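To start, the structure under review is shown below, and the notes come after it.
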Amino acid sequence: MATEYTKPLPRPLSPELTRPFWEAAKRHELRMPRCTTCDYVFFYPRSECPRCLSTNLEWVKVSGRARLHSFTVVQQPANAAFRDDVPYVYAVVQLDEGPRLVSNIVQGDIDALRVDMPLEAVFDDVTPEWTLVKFKPA
Ligand SMILES: [Zn+2]
């Protein structure tokens, strides 16, 4: 039986803009907005392309493959709810398709983490409503 999840959960500021991301995550898919005018894949979700300002956008499934762009090992969490998780890895991950996102690196040896190492997405079903996208060494 799963224990109750007691940590803060994401609360999107623009639920209508980000809903496809969260719904895909629940299906264990990673989806990103793509501009159909200039082919740019970007993140975070916006109502227009950050490169050409087109509003012709679609959501595309991406590979989930990424590289570790930057990271830190958190020893003292800013929010007490994460106290039992330390040490954990707070990372900026760059997807093979281009976008960068903030996430956690899970599984694997923290001491073996290196910038530019290959990663792959994993999906953490923290509640029936919320699935968080995290990454593990590939
Ligand atoms: Zn564009």
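Here the structure is a predicted model, which is why all the values come from computation and not from measurement. For ligands, and for the atoms within them, numbers begin at 1 and follow the listed sequence.
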* In the protein, N/O/S atoms that are found under 2.8 Å from the Zn ion (ligand 1), waters not counted -> C35 SG, C38 SG, C49 SG, C52 SG

* M32 side chain near P99 side chain, heavy-atom distance below 4.5 Å -> yes

* Count the heavy atoms of every other residue, nucleotide or ligand shown that sit under 6.0 Å from NZ of K61, and state whether that count exceeds 12. => no

* **V115 with L113, same ILVMFWY side-chain cluster at under 4.5 Å** => yes

* **same_hphob_cluster(L132, V102) at 4.5 Å side-chain heavy-atom cutoff** => no

* To do: Over 60° means perpendicular and under 30° means parallel, so classify the ring planes of Y88 and F82, tilted if in between.
  => tilted

* Asked: Going by the salt bridge (Lys or Arg N to Asp or Glu O under 4.0 Å) test, which pairs reach into residues 97-125, not counting sequence neighbours?
  -> D124-K134

